[in-house]
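To start, the structure under review is shown below, and the notes come after it.
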Amino acid sequence: MKYTSTRSFQDIESAQAITQGIAGDGGLFVPREFPRLSGGRLEQMQAMNYKDRAVEVLSMYLTDFSEAELRRCVEGAYTGTFDGENPAPLKEVAPGMHFLELWHGPTCAFKDMALQLLPRLLTVSASKTAPGRTMVILVATSGDTGKAALDGFAGVEGTRIIVFYPRNGVSPMQELQMTTQKGDNVAVCAIRGNFDDAQNGVKEIFADDSMKAWLDSAGMEFSSANSINFGRLVPQIVYYVSAFCDLRKSGKLAEGGCFNVVVPTGNFGNILAAEYARRMGIPIGRLICASNRNNVLTDFIRTGVYDRNRPFHTTSSPSMDILISSNLERMLYHVYGNDPEAVRGLMKELKEKGRYEISPEARHRLQSEFFGGFCDDRATEETIGALFREHHYLCDTHTAVAVNVYRQYTEQTGDRTPCVIASTASPYKFAASVLPAVCGGPLPEDGFAMLEKLSEVTGTAVPAPLANLKNCRVLHNACVSREEMGDFIRGFLG
C-alpha cells in the first residue's frame, strides 16, 4: 500500500505518512488505492472480536507493519482502556436506528478510538523512519481531541506533545480534562481566538522552515495527532467496518442490504472514515453529514460552494465549531478523480479568498453520496429531551445534532434504510447543556454538582474518568495569541 499527497504525486509507505503527519507541500496523505474486503472475509469477520477486526483492517492499509507489530499496537490500545470488551458497542434505540457508541474510553469521547492507538502506531513508524529522534506532536483541538491525545501520548518514550485549544471555545469539563493532565512530556496552552485560529497556527508552524531547522538541530521533528494524520484516520475506519459486522451478526441487516451512516462532524474526518469503509466494500448507502449552526459543510454539500467568510458561532456542540474543515481536502481529491492540481487550486483560493466552488461534475459526485443538514442549539436541546422521553436514551449535544439531521433526512427523502448514528461523546461531558433538556429548574453552579444531578434525574451513571476529575489539580494555565504559539513551543521544548 502506497500513499500520495492531495497536492502532488508522492510514493511513500504508511510509516512515513504517519511519522510526517502532513505532506511537505501542505497536502494530506491519502491511499493510492483502496483495499477491498471480500464478502467471504466480511462473513468471517462477523465472528471476530473488535481487536481482531482492527488488526484485519489495519493490515490492509499499513502493509509495512508486521502482523506482530499491529497486534501489539491494537492489544495495547484496546485492552483495559475501555469500559467493556467491545470499545464500540452498537445499540438499537428505535427500530432501524442504531447508535454506535464511541465514547467508552478514558476521555469519554470518540477520539479515544484512534488516539489510544495512534501513539503506538507512531512509535513503531518512527522506529522505521526516524530512529533515535524525538517526535513532537502538535495538536489543535476544539475540545475532545486534546484530552484524548494527551492521554494517549503522556509518558510515551521518544515523544513530546503540545496541545492548543481556544479559550472559551470548549466546555468547562473538556478544559478541565486537558488542564489537569499529568506528564513530563505534555504541555497545554489556551489561545486567544477560536479553533480555526489554533488549527491555522499549527499548520503554519508545520510549514515554518526555521522552526523545522531548529527542531532538526535538537534531534526532533514534528508530527500530528489531529485527523490530518492518516494514522488517526485509519483506526476510525475500523469501527464502521465493525458496525456492519455487528448489524449482520445480530440479524438487523439482511444479506445484501445496506445501511446509512449519520455523523456529527466539523472537521470531516469521522465521516470520511465511513466513506473509506464504503470504498472498501462496506454496503453503506447515504452518508448524512450533520452540522451545528456553523453550517459551512451543509452549505457546501448543497451548493458546491465552500465559504468560510461567515460569522463564527460558539454553540453547545463545541467540537463542531469549525469553519475550515481540514479533512474535506481528502474528499476533494477523490471527487476530482485524484487530481492534485485541482486540489492545489482550490486550497489556494481558500487561503486567498476564503472560498471556492467545485465543478458541476465534482458536485454531482459529492451529492450522490452525501446529504448535509444542520440544527441550532434550541433544536439540539429539544432533540435531547425528546430522545430521552421517548426512548429513555441519553445523548450528548453532538449526537443530538446527528439525530435531528437524520430526522430531517427521513422527512425530506422518505428513506427508511437502517441507519447507524455515530454517538461521539458522553452526555456527561456537556452536562450544562444536557441537563436543562431533561429537567427544569435552575442549574447547580458547580460543574460536578451538575454531573450528580444529571445522574440522579436520568438514572444513569457518571463516567469514572469525569467523576475523578473533582480531585485533580490544574497544572496548565498558559494563554497566548496565535502569533505567540511558536514562542510557546520553543519555550516548552527548550
Side-chain angles (χ1 to χ4, degrees), residues 1-4 10-21 28-79 81-82 85-88 100 102 105 110 112-130 152 156 223 225 227 229-249 269-270 272-284 330 334:
M1 171 68 73
K2 298 290 187 178
Y3 293 81
T4 187
Q10 298 190 22
D11 191 39
I12 65 171
E13 294 189 322
S14 67
Q16 186 177 344
I18 292 171
T19 303
Q20 280 187 238
L28 308 187
F29 291 117
V30 290
R32 294 275 299 278
E33 59 185 17
F34 285 91
R36 296 284 295 182
L37 280 165
S38 67
R41 194 64 187 132
L42 280 171
E43 189 171 337
Q44 293 174 344
M45 289 175 70
Q46 291 174 36
M48 296 179 182
N49 62 28
Y50 190 88
K51 287 185 282 190
D52 290 337
R53 292 170 184 171
V55 171
E56 187 74 21
V57 173
L58 292 172
S59 68
M60 301 176 78
Y61 284 96
L62 312 182
T63 54
D64 49 337
F65 283 60
S66 70
E67 183 176 347
E69 286 171 334
L70 289 176
R71 175 65 62 182
R72 188 167 65 249
C73 290
V74 168
E75 290 290 340
Y78 300 128
T79 301
T81 48
F82 288 75
E85 289 297 315
N86 184 359
L100 182 60
L102 303 171
F110 82 100
D112 289 325
M113 299 298 300
L115 284 166
Q116 283 298 304
L117 185 56
L118 177 61
R120 294 165 171 84
L121 296 178
L122 182 60
T123 52
V124 174
S125 297
S127 71
K128 299 174 186 289
T129 65
V156 174
S223 189
S227 54
N229 191 321
F230 193 78
R232 255 284 301 274
L233 192 59
V234 67
Q236 295 179 275
I237 301 170
V238 175
Y239 50 71
Y240 292 112
V241 175
S242 185
F244 165 75
C245 292
D246 287 343
L247 284 173
R248 290 284 295 121
K249 185 177 181 180
N270 202 5
L272 183 70
E275 164 66 11
Y276 280 12
R278 173 162 55 190
R279 287 171 179 254
M280 295 179 70
I282 301 301
I284 295 173
R330 286 185 166 110
H334 299 310

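Just so you know, these numbers come straight off a predicted model, no measurement behind them. Residues: numbered from 1 along the sequence shown.
- Gln236 and Tyr239 share a side-chain donor-acceptor pair at under 3.5 Å.
- Annotation: side chain of Tyr3 is not in contact with side chain of Gln10 (no heavy-atom distance under 4.5 Å).
- Under the 3.5 Å distance criterion, the side-chain polar atoms of Asn229 are matched with a main-chain donor or acceptor of Ile18.
- Judged by distance alone, the side chain of Ser127 and the main-chain N or O of Val124 form a donor-acceptor pair under 3.5 Å.
- Contact annotation: the side chain of Pro35 approaches that of Met1 to within less than 4.5 Å [non-hydrogen atoms, C-beta and beyond].
- A distance-only check finds no donor-acceptor pair linking the side chain of Arg278 to the backbone of Ala274 [under 3.5 Å].
- Listed here is the closest heavy atom pair of Pro235 and Ala114: CB-CA, 3.8 Å.
- Side chain of Tyr78 to backbone of Met113: a donor-acceptor contact under 3.5 angstrom is found.
- Considering CG of Asn49 and SG of Cys245, their distance stands at 11.5 Å, rounded to 0.5 Å.
- Annotation: side chain of Gln20 is not in contact with side chain of Phe230 (no heavy-atom distance under 4.5 Å).
- Between the side chain of Tyr240 and the main chain of Asn270, a donor-acceptor pair closer than 3.5 Å is present.
- With a 4.5 Å cut-off on side-chain heavy atoms, Phe244 and Ile284 do not count as touching.
- Glu69 has its side chain within reach of Lys128: a pair of non-hydrogen atoms, C-beta onward, lies under 4.5 Å apart.
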Can you list the steps and then say if Lys51 with Glu56 is a salt bridge (charged side-chain N to carboxylate O under 4.0 Å, His left out)? CA-CA 9 Å; Lys51 287 185 282 190; Glu56 187 74 21; over 6 Å; no

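- Annotation: the span from Leu121 atom CG to Gln116 atom CD amounts to 12.0 Å, rounded to 0.5 Å.
- Ion pairing between a basic and an acidic side chain is recognised when a charged N comes within 4.0 Å of a carboxylate O; Lys249 and Glu43 show no such pairing.
- Side chains of Tyr61 and Ser14 form no contact here, defined as non-hydrogen atoms less than 4.5 Å apart.
- Among the candidates Val57, Val241, Leu233, the single residue satisfying the side chain to side chain contact (heavy atoms under 4.5 Å, CB included) test with Tyr276 is Leu233.
- The two atoms that bring Phe29 and Gly21 nearest to each other are CD1-O, 4.2 Å, heavy atoms only.
- Taking CZ of Arg279 as the start and CD of Glu275 as the end, the distance is 4.5 Å to the nearest 0.5 Å.
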Might you work through the side-chain contact (heavy atoms from CB on, under 4.5 Å) test for Ile282 and Leu42, ending with a clear yes or no? CA-CA 9 Å; Ile282 301 301; Leu42 280 171; 3.7 Å; yes

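- Put simply, the side chain of Glu13 reaches to within 4.5 Å of the side chain of Lys2, judged on heavy atoms.
- Side chains of Thr19 and Ser223: no donor on one and acceptor on the other come within 3.5 Å.
- Residues Thr4 and Arg32 bring no donor and acceptor atom of their side chains to less than 3.5 Å of each other.
- Heavy-atom minimum distance, Pro119 versus Val156: CB-CG2, 4.3 Å.
- Remark: the backbone N or O of Gln46 is paired with a side-chain donor or acceptor of Arg53 at under 3.5 angstrom.
- In this structure, OG on Ser38 lies 7.5 Å from CD on Gln44, to the nearest 0.5 angstrom.
- Enclosure of atom CD in Glu75 by more than 12 non-hydrogen atoms of other residues, nucleotides or ligands within 6.0 angstrom is indicated.
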Does the pair Leu117 and Val234 meet the rule for a side-chain contact (heavy atoms from CB on, under 4.5 Å), with working shown? CA-CA 10 Å; Leu117 185 56; Val234 67; over 6 Å; no

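- Side-chain N or O atoms of Arg232 include one that pairs as donor or acceptor with a backbone N or O of Ala225 at under 3.5 Å.
- Note that CG of Asp64 and OG of Ser125 are 7.0 Å apart. Values are rounded to the nearest 0.5 Å.
- Within the model, atoms CG of Leu70 and CZ of Arg120 stand 13.5 Å from one another, a figure rounded to the nearest 0.5 Å.
- Arg36 places none of its side-chain heavy atoms less than 4.5 Å from the side chain of Met60.
- Ion pairing between Arg71 and Asp52 holds under the 4.0 Å rule for side-chain N and carboxylate O.
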